[in-house]
Amino acid sequence: MNSSLEVDVVIVGGGPGGLSAAKILAERGARVLILEANAEIGSPTRTTGGTFIRDAVELDIPPQLYHPLKRGRMHSAHRVVAREYDPPFACILNVRAVFQFLAERAIDAGAILRMSTTATDVLIENGMVAGVHAKDVRGDELLIRARLTIDATGYRATLSKRAGIHAGFNRFGVGAEYDMYAPHYEESETVGIVGSAFAPAGYAWTAPYGNHRVRVGVGIIHGDSKENPRDYLDKFVENAHAFNINLRGAQPLEYHYGLIPSDGLAKKFVGSGILAVGDAAGQPSALLGEGIRWAMRGGMMAGQIAAEALNANDVSENFLARYEQQWRKQYGKNLRIAALINKRIAGWNDAQWDEGIELLDHLTAQQFGEAMASNFVSSWTLLALAGNPKLLRKSLGLVKETLRAK
Ligand SMILES: Cc1cc2nc3c(=O)[nH]c(=O)nc-3n(C[C@H](O)[C@H](O)[C@H](O)COP(=O)(O)OP(=O)(O)OC[C@H]3O[C@@H](n4cnc5c(N)ncnc54)[C@H](O)[C@@H]3O)c2cc1C
């Protein structure tokens, strides 16, 4: 059976980007409908949930939904760097609980959430996006007319591609991960492993999120390598003890697999009647393959401008471009540097990684944390470079590339 409905804004995708946009828009009085293809918010999980405590606080994520980390350690083939944090700097989210919390906030604000419903195409009228075609769980067709459409479909960027805003992504971080019950794992520490043995063109990680649960994964950049991270995951688990990672008695309870775009920002992320947020806009930081806080910020910023566009009765590309300009101004430089670093280190061999880890060992705990958080355009960077001539020499090429890529 075919049916149709009309709203102010249809948001396609119930991830952190879409749910954050929904809350802002509904709070500002818009009639908001969120479509989510899956039958459950935050499941199946495709993300490790690593983020930074100051962002979690700014984004109002309740502290009981994340696990603080006091120590970070990174290994290459022959080197290691470790830093202690008191108070903790990074954390691991209870991903499903956080995404469901975001859904609850959007619902409280007045948004309607429709699960098991997949947008199949954009509706184009008079040269602009005027809603979406969708299918529900029974396969029934739905036509949803909306003054504004938000593409929050994640790495697929389905609607952006259909609307011709951008062509999608070429380079992806592909991750395979076990969510393990690990009774003896040291829960205050996260560990990263780089190098050809466990993660060619990527890295392996352990990410504890409390109650003896640890996400253990391998991510590889496809585009730079054809290796399958799954092939390295069991090898990493078997050899974890070599890195002082205690997985004695540990067993996987869940297996996760997912993609994250690693090209950097999409060339364009608005069109007439449509905005893209989060992974669909290429907003994650490619440095670590980390996009939850960025998707939330993207959703909030897009939601704010979208609400202004509805009030002004102007959903033209020209009006919506304010969102893209604001995003590029606020985050563009850091994200560009993150993408450039990621592209460069994805090609490193083991000797280059050893040298890279040695350079990182010149950073203080705070500087190391800021670098991991992709916060490059900041006073700490200048201080760190001024104090480390070798680091400065190594970074100059990157500075030139960043300026050229402007
Ligand atoms: C292995 C792995 C590990 C990661 N680890 C981290 C990490 O530690 N920290 C971090 O911050 N980020 C991490 N990320 C990235 C992070 O998960 C994403 O950047 C973030 O989830 C992006 O949010 P989003 O809302 O843009 O998209 P998503 O979270 O991907 O949400 C998109 C939603 O849209 C739905 N959808 C898609 N198409 C349709 C459609 N046509 N109709 C209806 N619904 C649709 C999907 O089902 C999904 O629920 C990781 C990613 C991977 C793959």
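Order of listing sets the numbers, starting from 1, for every ligand and every atom in it. Since the structure is predicted, the reported quantities are computational estimates derived from the model, not experimental observations. The first residue of the sequence shown is numbered 1, and numbering continues consecutively from there.
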Query - Protein contact to atom 5 (N) of ligand 1 [nearest heavy atom, distance to 0.1 Å] - result: Thr48 N, 3.2 Å
Query - Which of the ligand 1 atoms, numbered from 1, are nearer than 4.0 Å to a heavy atom of Thr118 - result: 40 (C), 41 (N), 42 (N), 43 (C)
Report summary line: Going by the 4.0 angstrom heavy-atom rule, the piece of Ala152 near ligand 1 is backbone
Requested in this report: Check ring-ring contact (aromatic ring centres under 6.0 Å, His included) between Tyr323 and all other residues, then give those that pass, not counting sequence neighbours.
Outcome: Phe269
Query - Partner of Arg28 under side chain to side chain contact (heavy atoms under 4.5 Å, CB included), chosen from Lys23, Gln304, Glu308 - result: Gln304
Query raised in the report: Looking only at heavy atoms, is any part of Pro16 under 4.0 Å from ligand 1, and if so is it the side chain, the backbone, or both, or is it neither?
Result: both
Query raised in the report: Nearest protein heavy-atom contact for atom 34 (O) of ligand 1: which residue, which atom, what distance?
Result: Gly13 CA, 3.1 Å
Requested in this report: Measure the distance from atom 27 (O) of ligand 1 to every protein heavy atom, then report the residue, atom name and distance (to 0.1 Å) of the closest one.
Outcome: Gly154 CA, 3.5 Å
Requested in this report: Would you indicate which of Arg162, Arg46, Glu40 comes nearest to atom 2 (C) of ligand 1 when only heavy atoms are counted?
Outcome: Arg46
Requested in this report: Show the numbers, then the answer: is there a side-chain hydrogen bond (donor to acceptor under 3.5 Å, both in side chains) between Asn334 and Ser374?
Outcome: CA-CA 6 Å; Asn334 277 329; Ser374 304; over 6 Å; no
Report summary line: The answer for which part of Val12 has a heavy atom under 4.0 Å from ligand 1 is side chain
Query raised in the report: Does Ala119, backbone or side chain, put an N or O under 3.5 Å from an N or O of ligand 1?
Result: yes
Report task. Step through the shown structure and confirm whether more than 12 heavy atoms of other residues, nucleotides or ligands are within 6.0 Å of NZ on Lys135. Result -> no
**Report entry** Contact partition for Thr117 relative to ligand 1, non-hydrogen atoms under 4.0 Å
**Finding:** backbone
**Report entry** Residue list, side chain to side chain donor-acceptor pair (under 3.5 Å) with Arg322, at least two apart or on another chain
**Finding:** none
Query raised in the report: Would you find more than 12 non-hydrogen atoms of other residues, nucleotides or ligands less than 6.0 Å from Arg147 atom CZ?
Result: yes
Query - Nearest-neighbour protein heavy atom for atom 15 (C) of ligand 1, which is reported as residue plus atom name and distance - result: Ile260 CD1, 3.3 Å
Requested in this report: Report yes if some N/O of Asp279 lies less than 3.5 Å from some N/O of ligand 1; otherwise report no.
Outcome: yes
Requested in this report: Please work out whether the ring planes of Phe169 and Phe172 are parallel, tilted or perpendicular, with thresholds of 30° and 60°.
Outcome: perpendicular
**Report entry** Heavy-atom proximity to atom 9 (N) of ligand 1, best of Gly17, Pro284, Gly50
**Finding:** Gly50
Query raised in the report: Tell me, which protein residue and heavy-atom name are nearest atom 12 (N) of ligand 1, and how many Å apart are they?
Result: Gly291 N, 2.9 Å
Report task. List every atom of ligand 1 that sits less than 4.0 Å from any heavy atom of Leu35, numbering the atoms from 1 in the order shown and giving each element. Result -> 43 (C), 44 (N)
Query - Geometric N/O contact Ile292 with ligand 1, under 3.5 angstrom - result: yes
Query raised in the report: If you draw the axis of the six-membered ring of Phe376, does the NZ or CZ of Lys333 fall within 45° of it and under 6.0 Å from the ring centre?
Result: no
**Report entry** Arg156 N/O to ligand 1 N/O under 3.5 Å
**Finding:** no
Query raised in the report: Relative to Tyr209, does Arg215 satisfy both conditions: NZ or CZ under 6.0 angstrom from the six-membered ring centre, and within 45 degrees of the ring's axis?
Result: yes
Query raised in the report: More than 12 non-hydrogen atoms from neighbouring residues, nucleotides or ligands closer than 6.0 Å to CD on Glu58, yes or no?
Result: yes
Requested in this report: Could you pull out the closest heavy-atom pair between Arg54 and Phe89, with the gap in Å?
Outcome: NH1-CE1, 4.0 Å
Query - Nitrogen or oxygen atoms of Glu290 and ligand 1 under 3.5 Å apart - result: no
Query raised in the report: In terms of residue, atom name and distance, what is the protein heavy atom nearest to atom 14 (N) of ligand 1?
Result: Thr47 OG1, 3.2 Å
Report task. Starting from atom 35 (C) of ligand 1, locate the nearest protein heavy atom and write down its residue, its atom name and how far away it is, to 0.1 Å. Result -> Glu36 OE1, 3.3 Å
**Report entry** Contact atoms of ligand 1, heavy-atom distance to Gly278 under 4.0 Å
**Finding:** 26 (O)
**Report entry** Atoms of ligand 1 close to Gly258 [distance to a heavy atom under 4.0 angstrom, numbered from 1]
**Finding:** 53 (C)
Requested in this report: Scan side-chain atoms only and decide if Ser4 and Glu6 contain a donor-acceptor pair under the 3.5 Å cut-off.
Outcome: no
Query raised in the report: Should Gly49 be counted as touching ligand 1, given the test is an N or O pair under 3.5 Å?
Result: yes
Query raised in the report: Nearest to atom 37 (C) of ligand 1, what protein heavy atom do you find, and at what distance?
Result: Thr153 O, 3.4 Å
Query raised in the report: Can a donor-acceptor pair be found between the side chains of Glu355 and Trp348 at a distance below 3.5 Å?
Result: no
**Report entry** Nearest-option assignment for atom 43 (C) of ligand 1, heavy atoms, candidates Ala281, Ala37, Gly299
**Finding:** Ala37
Report summary line: For Gly289, the atoms of ligand 1 under 4.0 Å from one of its heavy atoms are 5 (N), 6 (C), 12 (N), 13 (C), 14 (N), 50 (C)
Report task. Verify whether one side chain among Asn342 and Arg171 offers a donor that lies under 3.5 Å from an acceptor in the other. Result -> yes
Report task. State the atoms of ligand 1, each with its element, that fall below the 4.0 Å cut-off from a heavy-atom position in Leu259. Result -> 53 (C)
Query raised in the report: Checking side chain to side chain contact (heavy atoms under 4.5 Å, CB included) against Leu320, which of Ile274, Asp314, Leu148 comes through?
Result: Leu148
Query raised in the report: Atoms of ligand 1 less than 4.0 Å from Asn38 heavy atoms?
Result: 47 (O)
Requested in this report: Determine whether the side chains of Asp354 and His78 contain a donor N or O and an acceptor N or O closer than 3.5 Å.
Outcome: yes
